[in-house]
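First the structure, in the form of structure tokens, and then the observations on it.
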Amino acid sequence: MCENLILAAREQVAALTQSAYEKAAQAGLLPAGAQIRGQVDIPKDTAHGDYATSFAMAGAKALGKSPREIAQLLMDHMVLEGTYFDKMEMAGPGFLNFTLGKHWFSEVLAAVEAGGLTYGKSCEGKGKRVMVEFVSANPTGPMHMGNARGGVLGDAVASVLERLGYEVWREFYVNDAGNQIHKFALSIDARYRQLILGEEAVEFPADGYQGEDIRELARDFRAQFGDSWLEKSEEERQEAMAQFGLKANLPKMKEDLRRYKIEYDEWFLESTLHDSGYVAETVNLLTEKGWTYEAEGALWLRTSGLLREKYLREGKTPEQVDKLELKDDVLRRANGFYTYFAADIAYHRNKLEKRGFDTAINVWGADHHGHVHRLQAALDGLGLDGSNRLVIILMQLVNLLQDGQPVRMSKRSGKAIALHDLLDEVSVDAARFFFNASKPTVAVDFDLDLAVREDSENPVYYVQYAHARICSLVAKVVETKGISVPAAAEVDATLLQTPEELALLKTIARFPEELKLAGRELDPSQINRYLVALAGDFHRFYNSCRCMVDDPALQAARLKLADSVRGVLENGLNLIGVTAPEKM
RNA sequence: GCGGCUGUAGCUCAGUUGGAUAGAGUGACUGGCUACGAACCAGUAGGUCGGGGGUUCGAGUCCCUCCAGCCGUACCA
């Protein structure tokens, strides 16, 4: 059975139209053999039917007749017997409008029932392995609102892709090497020495991390190891500080994310790439392929050349490419250390080559957008087709507000609101739904005062309320009438005829299509909007149609409809990591 | 300068390969519970889709151009 009834109906309209055209052509009423790409749309206004095709308008030129004439001929040669449709009519400039009939509506309830909690699954991703890397926050401090957003985004994208049949791997990349960690160590070390020698005696690094968590790490270090580390060499001490800090922070991050209902398949350490020589090997590979050169003591990647090839390949004209200010990148600094960029190339080579993922999807903050094409181009240079196999979801940042005023958010100033602070104030459900509400491309404002106060105004409760209402309804029917939810086969779906009932059936039928779109666009916020729409359809149905009625057949049909909605709500909420409560 | 994102109702935002009279939530106003959960529903009001050109049967959607806001343009990550 095809679960995707929206797609099935759409295809049927296209097929019906095409065959009607062929019949009309055979009868000599229209020129034969024209290739016409008529679109099949779902009209906004239900007065225009459930599906509409613009075939007649699109074909007007090729067929040498007015759209309305063509539409009339198509109607004359169309047979709806045995199809999903009851009715068809011509409208407006030449649209053909189709109205769904009983065959289709009967199948909806059966499809939802058969699908159960995986209703909407498909096999479009069968056999394809995808890694979704997300959050990957620096382990130098607590996670903030941007990570909260990226967390739901990545997790929900992964869930959607799983449902679409992909084999999905969730990964957190731990930046436990490089400059940030060095600064991290310097910061803890300075606080440590301040504890012993006094605040004034030790200058805190200008670009160090100011947060209270750093002082705490220093206190913990001192409590555990005493003052003796003061006598060790600076290098030795800082190495110890870095390790100590990471060891303290990583479990906290894991715990915070677990609390936020995110579980990773792997926490991948950047340091392993350096320690195993994989970064050096990757850079050497680029050198062998002729993509590097030395200058000013550093080793450079010819990013400008790689990008130029990439852009030309993608269809930009040489003039357009010339206009861009392409620059090269340093891979190995004059001091011998590899840059973050070099490690990142190695990391993604590891994903695509060593571990063999077909596609690597990364959730990045939009402030890293300048890095996207450079990394893809570098992977192209390694022959790994990064331009197609590395997909970056650029997520616009979260603006932190307090009483409506913007607050600068950075780990350095320590002014960020941490993820765990958020979860102390609002439920995981509210937070996840809120951060999954906007498309990745739009920036969101987040005001903690508002988030806490408007807790009950979060649309998540509108959706959850619909679910709880249905649970209560089903329980009531069982309790007072001794009747449980019937199987789809025992239900006469043609009894569902009010506009509210039909709207609800159409909405639950749409779910597989919504999933497909969310997957294609890598935008799980579409699920939020779908769930709000479904909950709205249900509340309207509930207010206008009584389920507990004397007619047993109608009661069974409505009960089944309500329970089907419940299943789809639970299904969708699960996908975005929000609970579907039976009571609230 | 160059590049990315954004600009739609008072506010927050939808608008799916171009389709018919541009939608929803929220705020404002008016109604609806002795009936399966009122955390709900119904109704009213609110628009030069940032401006201007172009493409075509048809543009919020595609192309060009201009304007405004945010972000990026490191031997940082």
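Since the model is a prediction, treat every value here as computed from it, not as a measurement. Lettering of chains follows the sequences in order, A, B, ..., and the numbering in each one begins at 1.
Pairing partner, B:rU55: none, since no Watson-Crick or wobble contact has both distances short of 3.5 Å. Summarising the base pairing, B:rA68 is matched to B:rU6 through a Watson-Crick or G-U wobble pair whose two defining distances lie under 3.5 Å. In this entry B:rA20 has no Watson-Crick or G-U wobble partner, no candidate having both defining distances under 3.5 Å. As the counterpart of B:rG37, no nucleotide is assigned, since no Watson-Crick or G-U wobble pattern has both distances under 3.5 Å. Partner assigned to B:rU48 is none, using Watson-Crick or G-U wobble distances below 3.5 angstrom. In this structure B:rG25 sits in a base pair with B:rC11, meeting the Watson-Crick or G-U test at under 3.5 Å.
A:Leu324 comes within 4.0 angstrom of the backbone, heavy atoms only, and of no base. Residue-level contact check: A:Lys583 touches the bases, meaning some heavy atom is under 4.0 Å from a base atom. A:Ala52 comes within 4.0 angstrom of a base, heavy atoms only. Contacts of A:Arg332 with the nucleic acid, taken as non-hydrogen atoms under 4.0 Å apart, are absent. Residue contacts for A:Ser472: at a heavy-atom cut-off of 4.0 Å it reaches a base atom on one of the strands shown. Among the atoms of the strands shown, base atoms are found under 4.0 Å from some heavy atom of A:Arg10. In this structure, A:Glu513 reaches neither bases nor backbone, as no heavy-atom distance under 4.0 Å exists between it and the strands shown. Using a 4.0 Å heavy-atom criterion, one finds that A:Gln320 contacts no nucleic acid atom at all. Using a 4.0 Å heavy-atom criterion, one finds that A:Asp176 contacts no nucleic acid atom at all. When heavy atoms are screened at a 4.0 angstrom cut-off, A:Cys471 is found touching no nucleic acid atom at all. Using a 4.0 Å heavy-atom criterion, one finds that A:Ala58 contacts no nucleic acid atom at all. At the heavy-atom level, A:Val40 lies under 4.0 Å from base atoms of the strands shown.
OP1 and OP2 of B:rU6 both lie 4.0 Å or more from every side-chain N or O belonging to A:Lys439. A sub-4.0 Å separation between OP1 or OP2 of B:rA77 and a side-chain N or O of A:Tyr340 is absent. For the pair A:Lys327 and B:rA74, the criterion of a side-chain N or O lying under 4.0 Å from OP1 or OP2 is met.
In summary, A:Asp322 and A:Arg308 engage in a salt bridge, as defined by a charged side-chain N under 4.0 Å from a carboxylate O. At a threshold of 4.0 Å, the pair A:Glu133-A:Lys351 counts as salt-bridged, since one of the basic side-chain nitrogens sits closer than that to a carboxylate oxygen. At a threshold of 4.0 Å, the pair A:Arg566-A:Glu570 counts as salt-bridged, since one of the basic side-chain nitrogens sits closer than that to a carboxylate oxygen.
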Report, one line per pair, each donor and acceptor closer than 3.5 Å where one atom sits in a side chain of residues 510-521 of chain A; sequence neighbours left out.
residue, atom, partner, partner atom, Å
A:Arg510, NE, A:Glu514, OE2, 3.0
A:Glu513, OE1, A:Asn4, ND2, 3.3

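Listed by chain and number, the residues in a ring pair (Phe, Tyr, Trp, His ring centres under 6.0 Å) with A:Phe434 are A:Phe446 (sequence neighbours excluded). Residues forming a salt bridge (Lys or Arg N to Asp or Glu O under 4.0 Å) with A:Asp41 (at least two apart in sequence, or on another chain): none. Under the side chain to side chain donor-acceptor pair (under 3.5 Å) criterion, A:Ser427 pairs with no residue at all, not counting sequence neighbours. A:Arg149 pairs by the salt bridge (Lys or Arg N to Asp or Glu O under 4.0 Å) definition with nothing, not counting sequence neighbours. Residues that satisfy the side chain to side chain donor-acceptor pair (under 3.5 Å) test with A:Gln376, not counting sequence neighbours, are A:Lys310. For A:Tyr278, there are no ring pair (Phe, Tyr, Trp, His ring centres under 6.0 Å) partners two or more places apart in sequence or in a different chain. Taking A:Lys506 as the reference, A:Asp50 meet the salt bridge (Lys or Arg N to Asp or Glu O under 4.0 Å) condition, with sequence neighbours excluded.
Protein atom CG of A:Leu397 is 13 Å distant from nucleotide atom P of B:rC70, rounded to whole Å. Atom-to-atom, CZ of A:Phe55 to P of B:rC57 comes out at 17 Å; the value is rounded to the nearest Å. What separates CE of A:Met584 from P of B:rC40 is a distance of 9 Å, to the nearest Å. When the P atom of B:rC41 is taken as reference, atom CG of A:Asp537 falls 11 Å away, rounded to whole Å.
Of the listed nucleotides (B:rG37, B:rC57, B:rU16), B:rC57 has the atom at the smallest distance from the side chain of A:Met57. Side-chain proximity of A:Arg469 to the nucleotides B:rC40, B:rA77, B:rG19 is greatest for B:rC40. If you check B:rA20, B:rC41, B:rA77 against the side chain of A:His539, the one that comes closest is B:rC41. Between B:rA77, B:rC36, B:rG37, one nucleotide has an atom nearer to the side chain of A:Arg546 than all others, and that is B:rC36. For A:Ala298, taking side-chain heavy atoms from C-beta onward, the closest of the listed nucleotides B:rU56, B:rC2, B:rC75 is B:rC75. Each of B:rU17, B:rA20, B:rA14 was ranked by its minimum atom distance to the side chain of A:Val442; first place goes to B:rA14. Distance from the side chain of A:Arg333 is smallest to B:rC75 among B:rA39, B:rC75, B:rC5. The side chain of A:Glu325 lies closest to B:rC2, out of B:rC2, B:rC36, B:rG19. Among the nucleotides B:rG3, B:rG19, B:rC75, the one closest to any side-chain atom of A:Ser54 is B:rG19. Comparing B:rC5, B:rA38, B:rA39 against the side chain of A:Tyr542 picks out B:rA38 as the nearest.
Of the two residues near RNA chain B, A:Ala91 and A:Asn179, the one whose nearest nucleotide lies more 5' is A:Ala91. Checking A:Lys61 against A:Gly536, the closest nucleotide of RNA chain B that is more toward the 5' end is the one next to A:Gly536.
Look at A:Tyr462 and the base of B:rA39; the rings do not stack under the cut-offs of 5.5 Å between centres and 30° between planes.
Of the possible polar contacts, one joining the A:Asp176 side chain to the A:Glu270 backbone as a donor-acceptor pair under 3.5 Å is found.
The aromatic rings of A:Trp364 and A:His348 sit perpendicular, their planes meeting at an angle over 60°, well past the 30° parallel limit.
At a cut-off of 3.5 Å, with distance as the only test, a side-chain donor of A:Tyr293 or A:Asp328 sits close to an acceptor on the other residue.
In this structure, the separation between CG on A:Leu569 and CG on A:Leu534 is 4.5 Å, given to the nearest 0.5 Å.
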Restricting to nitrogen or oxygen on both sides, can you table the protein-nucleotides 42-44 of chain B pairs closer than 3.5 Å?
none

Tabulated below should be each protein N or O lying under 3.5 Å from an N or O of nucleotides 27-33 of chain B; please produce it.
none

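For the segment residues 366-377 of chain A, residues with any heavy atom less than 4.0 angstrom from an atom of RNA chain B are, sorted by number, A:Asp367, A:His368, A:His369, A:His371.
Listed by first then second residue, pairs satisfying ring-ring contact (aromatic ring centres under 6.0 Å, His included) with a partner in residues 35-71 of chain A read A:Tyr21-A:Phe55, A:Tyr51-A:Phe85, not counting sequence neighbours.
Taking atom P in both B:rU65 and B:rC5, the straight-line distance is 15 Å, to the nearest Å. Using P as the reference atom, B:rG60 and B:rU16 are 12 Å apart when rounded to the nearest Å.
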